[in-house]
**Student:** 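Take this structure, written in structure tokens, and hold onto it; I'll ask about it next.
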Amino acid sequence: MKHFLAIADLTSAELKQYLTTAKKLKAEWRKRGNKPILKNKTLGMVFQKPSLRTRVSFDMGMLHLGGQALYLSPNEIGLGQRESIADVSRVLSRYVDGIMARVFAHAHVTELAQWSSVPVINGLSDWEHPCQALADVFTISEHLGKLKGLKVAFFGDGNNVARSLMFACALSGAQFVCAAPRGYALDEASLETARALGGTVSVTDDPQLAARDADVLYTDVWASMGQEKEADARAKIFPPFQINAALVALAKPKAIVMHCLPAHRGAEITDAVMDGAHSVVFDQAENRMHAQKAVLALLMAGARKVNRNS
Ligand code: CP
Ligand code: NVA
């Protein structure tokens with residue numbers, strides 16, 4: 001059985017298959033709506049953190065494909081607190097055909113997958129945000145017509161979003177650079193993983209250097225969910241890494257600006273850039289739904305395997 005836990009787990013061919021499927025499902029949806037390939041299929045959505053995009057795009061994605069999603073809030077499940085992760089996983093997978101989970105520790109989503117008899121999708125962990133990166137490279141290829149040979153520059157915290165994007169770039173032949181303050185760069189082991197996937201990746205603490213001749217400028221919040229206590233300290237360190245008009249001026253004339261959202265306007269990105277001609281942030285947000293439909297289709301369409309014990 002296939003799960004979707006991390007971009008680092010994929011091959012280039014698998015990433016390509018997800019992108020081709022996303023393109024097909026997006027075109028189909030725009031034309032006359034999707035075929036009900038997930039008729040009577042259900043997705044349990046476990047959230048330990050808030051969400052707009054992930055929750056709604058998975059919910060609507062399931063609906064468009066003929067299935068149904070069930071939202072389970074942090075308080076309802078008490079993952080690992082009210083009940084062990086292994087037991088939650090074994091029980092939930094008797095009811096649903098797929099599980100999407102947004103968790104704090106990445107180990108929690110891998111543990112869910114270990115015990116699940118249905119596919120598990122990572123809807124964000126502290127380590128990776130693979131659904132986001134899939135939508136991101138899909139959006140880049142739509143706007144710039146290719147991925148191979150592009151320069152993708154990320155500004156800010158070397159976090160889950162940056163890491164998944166780096167792996168997705170590595171798998172698709174785009175060069176990746178992460179501009180972050182010292183102490184907040186992506187870790188060396190992740191850079192090595194990206195290089196092993198075939199990537200040309202680097203980190204720098206010079207945002208201007210990273211922006212020069214870039215095709216894509218990307219940013220995310222400076223303090224992620226779970227890092228709220230660090231937000232004030234980080235707000236003092238990160239301002240040189242803001243995406244503003246001066247930074248965009250260093251990039252290629254047709255460069256696109258991306259943000260996974262939610263944005264802190266005036267912090268990691270200015271209003272003028274977010275609402276300006278280079279910004280593709282709302283196409284990017286829409287593409288979460290199309291990219292995730294590809295994941296749902298490739299993981300969940302077809303007959304359900306019957307549980308050995310049921
Ligand atoms: N980008 C993203 O994952 O958004 P949400 O946190 O709103 O789901
Ligand atoms: N890095 C952010 C992404 C939010 C979509 C976080 O983990 O909170």
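By convention here, the first residue in the shown sequence is residue 1. Remember, it's a predicted structure, so these values are computed and weren't measured experimentally. Hydrogens, waters and symmetry mates are skipped; everything else that's a heavy atom, side chains included, is used. When a ligand or atom number is given, it counts from 1 through the structure's own listing order.
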**Student:** When you measure from atom 8 (O) of ligand 2 to every protein heavy atom, which one gives the shortest distance, and what is it?
**Tutor:** M225 N, 2.8 Å

**Student:** Mark up the atoms of ligand 2 that fall under 4.0 Å of a heavy atom belonging to D220, in ascending order.
**Tutor:** 1 (N), 2 (C), 3 (C)

**Student:** Could you tell me if any non-hydrogen atom of H129 lies under 4.0 Å from any atom of ligand 1?
**Tutor:** yes

**Student:** Any nitrogen or oxygen of S224 lying under 3.5 Å from a nitrogen or oxygen in ligand 2? Just yes or no.
**Tutor:** yes

**Student:** Report the part of L261 in contact with ligand 2, treating N, CA, C, O as backbone and CB onward as side chain, heavy atoms under 4.0 Å; options are side chain, backbone, both, neither.
**Tutor:** backbone

**Student:** Would you check the N or O atoms of L124, main chain and side chain alike, for any that come under 3.5 Å of an N or O of ligand 1?
**Tutor:** no

**Student:** If you look at every heavy atom in L247 and P207, which pair is closest and at what distance?
**Tutor:** CD1-O, 3.8 Å

**Student:** Under a 3.5 Å cutoff, is there a donor and acceptor pairing between the side chains of S57 and Q292?
**Tutor:** yes

**Student:** Looking only at side-chain N and O atoms, does N287 offer a donor or acceptor that is under 3.5 Å from a partner on T139?
**Tutor:** yes

**Student:** For ligand 1, which atoms, with element, lie under 4.0 Å from some heavy atom of C260?
**Tutor:** 1 (N)

**Student:** Heavy-atom distances under 4.0 Å are what count here, so tell me which part of L261 touches ligand 1: side chain, backbone, both or neither.
**Tutor:** backbone

**Student:** Any nitrogen or oxygen of V161, main chain or side chain, under 3.5 Å from a nitrogen or oxygen of ligand 2?
**Tutor:** no

**Student:** Ignoring hydrogens and geometry beyond distance, is a side-chain donor-acceptor pair present between Y71 and D59 at under 3.5 Å?
**Tutor:** no

**Student:** Tell me the protein heavy atom at minimum distance from atom 4 (O) of ligand 1, and give that distance in Å.
**Tutor:** R53 NE, 2.8 Å

**Student:** Between T270 and R265, do the side chains contain a donor N or O and an acceptor N or O under 3.5 Å apart?
**Tutor:** no

**Student:** Please list the nearest protein heavy atom to atom 7 (O) of ligand 1 with its residue and the distance rounded to 0.1 Å.
**Tutor:** L52 N, 2.6 Å

**Student:** Measure from the ring center of F176 to the ring center of F167 and say whether it is less than 6.0 Å.
**Tutor:** no

**Student:** So which heavy atom in the protein is nearest atom 2 (C) of ligand 1, and how far is it from that ligand atom?
**Tutor:** R288 NH1, 3.2 Å

**Student:** Is the closest side-chain donor-acceptor distance between H290 and W29 under 3.5 Å?
**Tutor:** no

**Student:** Pairing donors with acceptors under 3.5 angstrom, does anything connect the side chains of D283 and H143?
**Tutor:** yes

**Student:** More than 12 heavy atoms of other residues, nucleotides or ligands under 6.0 Å from NZ of K2: is that the case?
**Tutor:** yes

**Student:** Which protein non-hydrogen atom lies closest to atom 6 (O) of ligand 1, naming both residue and atom, and how far is it?
**Tutor:** R102 NH1, 2.8 Å

**Student:** May I ask you to list the atoms of ligand 2 that are less than 4.0 angstrom from any heavy atom of L124?
**Tutor:** 3 (C), 4 (C), 5 (C), 7 (O)

**Student:** For atom 7 (O) of ligand 2, what is the closest protein heavy atom, and at what distance to 0.1 Å?
**Tutor:** N160 ND2, 2.9 Å

**Student:** Please determine, by modelled atom types, if N160 and E128 share a side-chain donor-acceptor pair under 3.5 angstrom.
**Tutor:** no

